[in-house]
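One structure is given below, encoded as structure tokens.
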Amino acid sequence: KVETPNDGKNKKAFMFREDEEESKVRDDLKPKLVYRGTDKEIDPNDIGLVKNAEDKRVMDEGYKNFAYNSLVSKRIGFHREINDTRHQHCLDKTFPENLPTASVIICFYNEDFYTLLRSVFSVIRRSPPDLIKEIILVNDHSDDKELIEKVENELETNLELSIVRFFTPEERLGLIRSRIFGARKALGDVLVFLDSHIEANVEWLQPLLTRIKESRTNVVTPVIDVINPDNFGYKPSPLVRGGFNWGMNFKWEGLTKRVERFDEPIPSPAMAGGLFAMDREYFTELGEYDPGLDIWGGENIEISFRIWMCGGRLDILPCSRVGHVFRKRRPYTSTDERGVDTQDRNALRVARVWLGDHIKHFYSAITGVETLSPGDLTERFELKEKLKCKDFSWYLNYVYPELEIPGMEERKGAKEKVEKLNKYERWDQRSRNYTRSFQIKYAPSSLCLEPIDGVGSKGSFVKLSSCLRSKKQSWYQTDR
């Protein structure tokens, strides 16, 4: 029998029969939604996807008011898991008992609600409860009244936030004086200053407190990881240190020595300023922040000078990591009511107090800064004298010899030599900082120690041979 399309159970005509494969629309014929201006197909799970007019409003206002994507921050919420970005050398570290307690000080002005609260929650949830004395939240007279109402409501209703003490000064103080205000309210042994758009990482606090326990004059900062302002992606930062130029502008720069252990403190000539920890009493003894600095700018360089030149030490701790939203612009002005840019004016104040004869290089770097008034410097000079601080020449020689002095080419040559040392070198050909050279002689004889397999053989056994003035019998002591 010859079967026809009408035979069998399906009595419909062949052209009307539903075939499972044929009923599906071909993938290449399906309409695709793409991101505007690109051929990239929209990911429906994209946390930053704008789905309606309200999403667009939240995103646009976030970029306008905070210079980052508030829509993404809102969707993340108060807490999220982030990658542990520490080096493996840090993972098995143990910390001493009876560490000092910390007062964490966060000052804010018109911050996004979710970004601010996530900063607070990250500190609470990633810190041992017995080490956090309090979190001091200072509202520097934010214009957004709705923000303050939401923060106060959360603090009143959420028991997890009972450790937070909330303050609003009587008047707008600016970041620098707000931090002084917060520090004077603190009760903990150590002050930990944090920005209001951060996320503390795993075991971030213990390394800071341990280093300060070793010496109260140790001032420490975490490695500052990068939080993307557009999608809030969290990425690790490389190991770098803080420096500056003659305009008193902070900059990150490469390390001058090869890193052998990734859990050891890194001396830093300057701090970025947003995140650091310091013994509370030592902060007061050293003169707090300079209250003559206005609003924002220069305070990080000034306190870095004071720490180093007046008997302290400033280190970056690779085993402490805190993420920070690095914005592409500052969403608020640093101009005071007189129309003066406080960054230039503050830089002048710092330079006048600390640079000594080197201030001429500062004047050459910022045209017209001499016309500004740095304010009364009497108290800062008296403090400098009281603390018996060293001068800037000492700082250049012992803390920051890599800072190029205009007209001194030998310093530039030294810097290039340091950069060359950072490049990979075979173990037996590395350039080293030798402190002395010598022979090792077997005293009762005229025999000296030398390697059996030659100078370039790593792990060679040694033997005694007749003493000769040769490379094979030369031994060296280095600074590491």
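Computed from a predicted model, the values in this text were never measured in an experiment.
Between the side chains of Tyr234 and Asp225, a donor-acceptor pair is found at a separation under 3.5 Å. For the residue pair Asp144 and Ser142, no side-chain donor N or O sits within less than 3.5 Å of a side-chain acceptor on the partner. For the residue pair Asp143 and Asn110, a side-chain donor N or O sits within less than 3.5 Å of a side-chain acceptor on the partner.
Under a cut-off of 6.0 angstrom, the local environment of CD in Glu379 is sparse, with at most 12 non-hydrogen atoms contributed by other residues, nucleotides or ligands. The neighbour count for Arg352 CZ, taken as heavy atoms of other residues, nucleotides or ligands under 6.0 Å away, does not exceed 12. For Glu370, the CD atom is densely surrounded, since the number of other residues' heavy atoms within 6.0 Å is greater than 12. Applying the 6.0 Å contact sphere to CG of Asp92 captures no more than 12 heavy atoms from other residues, nucleotides or ligands. No more than 12 heavy-atom neighbours from other residues, nucleotides or ligands sit within 6.0 angstrom of CD on Glu170. For Tyr398, the OH atom counts as loosely surrounded, since its 6.0 Å shell holds 12 or fewer non-hydrogen atoms of other residues, nucleotides or ligands. Heavy-atom neighbours of Lys74 NZ from other residues, nucleotides or ligands within 6.0 Å: at or below the threshold of 12. Counting non-hydrogen atoms of other residues, nucleotides and ligands closer than 6.0 Å to NZ of Lys133 gives a total of 12 or fewer.
A distance of 9.0 Å separates CG in Leu355 from OH in Tyr363, rounded to the nearest 0.5 Å.
No side-chain heavy atom of Asp391 sits less than 4.5 Å from a side-chain heavy atom of Met309. Contact annotation: the side chain of Pro267 never approaches that of Arg241 to less than 4.5 Å [non-hydrogen atoms, C-beta and beyond]. Between Glu302 and Arg349, every side-chain heavy-atom pair lies at or beyond the 4.5 Å cut-off. For the pair Ser119/Leu194, no side-chain contact is recorded, criterion being any heavy-atom separation below 4.5 Å from C-beta on. Between Asn231 and Asn69 the shortest side-chain heavy-atom distance does not fall below 4.5 Å.
In this structure, Arg125 forms no cation-pi arrangement with Phe78, as its terminal cationic atom is not both closer than 6.0 Å to the ring centre and no more than 45° off the ring axis.
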Start with the C-alpha distance between Val138 and Lys185, add both sets of side-chain angles, then the distance that settles side-chain contact (heavy atoms from CB on, under 4.5 Å), and finish with yes or no. CA-CA 10 Å; Val138 180; Lys185 299 288 185 182; over 6 Å; no

Check step by step if side-chain contact (heavy atoms from CB on, under 4.5 Å) holds for Ile224 and Phe326. CA-CA 10 Å; Ile224 306 176; Phe326 281 90; 3.6 Å; yes

Could you go step by step and tell me if Leu314 and Val219 meet the side-chain contact (heavy atoms from CB on, under 4.5 Å) rule? CA-CA 5 Å; Leu314 176 61; Val219 181; 4.0 Å; yes

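Of the possible polar contacts, one joining the Arg118 side chain to the Ser73 backbone as a donor-acceptor pair under 3.5 Å is found. No donor-acceptor pair under 3.5 Å is formed between the side chain of Asp315 and the backbone N or O of Leu317. Judged by distance alone, with hydrogens and angles left aside, the side-chain atoms of Glu134 form a donor-acceptor pair with the main-chain N or O of Leu187 at under 3.5 Å. The backbone N or O of Glu149 sits nowhere less than 3.5 Å from a side-chain atom of Asn153 that would complete a donor-acceptor pair. Judged by distance alone, the side chain of Asn218 and the main-chain N or O of Ile212 form no donor-acceptor pair under 3.5 Å. With Arg172 contributing its side chain and His141 its backbone, the two residues share no donor-acceptor pair below 3.5 Å. Without hydrogens or angle criteria, Asn346 side chain to Thr342 main chain gives a donor-acceptor distance under 3.5 Å. Using modelled atom types, one side-chain atom of Ser268 and one backbone atom of Gly242 make a donor-acceptor pair closer than 3.5 Å.
Taking the six-membered ring wherever Trp is involved, the centroid distance between the rings of Tyr114 and Phe232 does not fall below 6.0 Å. Between His79 and Phe121, the distance from one ring center to the other does not fall under 6.0 angstrom.
By the 30° and 60° cut-offs, the orientation of the rings of Phe283 relative to Tyr289 is perpendicular. By the 30° and 60° cut-offs, the orientation of the rings of Phe392 relative to Tyr395 is parallel.
The two residues Glu404 and Trp246 have their closest heavy-atom pair at O-NE1, 2.6 Å. Nearest approach of Pro238 to Val223, heavy atoms of both residues: O-CG1, 4.4 Å. For Val350 against Gly298, the heavy-atom pair with the smallest separation is CG2-O, 3.7 Å. Taking both residues in full, the closest heavy atoms of Leu383 and Leu286 are given as CD2-O, 3.6 Å, listed atom of the first, atom of the second, then distance. The heavy-atom pair separating Ala102 from Leu205 by the smallest distance is CB-CD1, 4.2 Å. Here the closest heavy-atom approach between residue Leu117 and residue Glu154 is recorded as CD1-CG, 4.2 Å.
When each of Arg211, Arg86, Lys93, Arg321 is checked for a salt bridge (Lys or Arg N to Asp or Glu O under 4.0 Å) with Asp263, only Lys93 meets the rule. Tested against Phe244 for a ring pair (Phe, Tyr, Trp, His ring centres under 6.0 Å), the candidates Phe362, Phe305, Phe250 yield a single pass: Phe305.
The pair Arg126-Asp84 does not meet the salt-bridge criterion, since no charged nitrogen lies less than 4.0 angstrom from a carboxylate oxygen.
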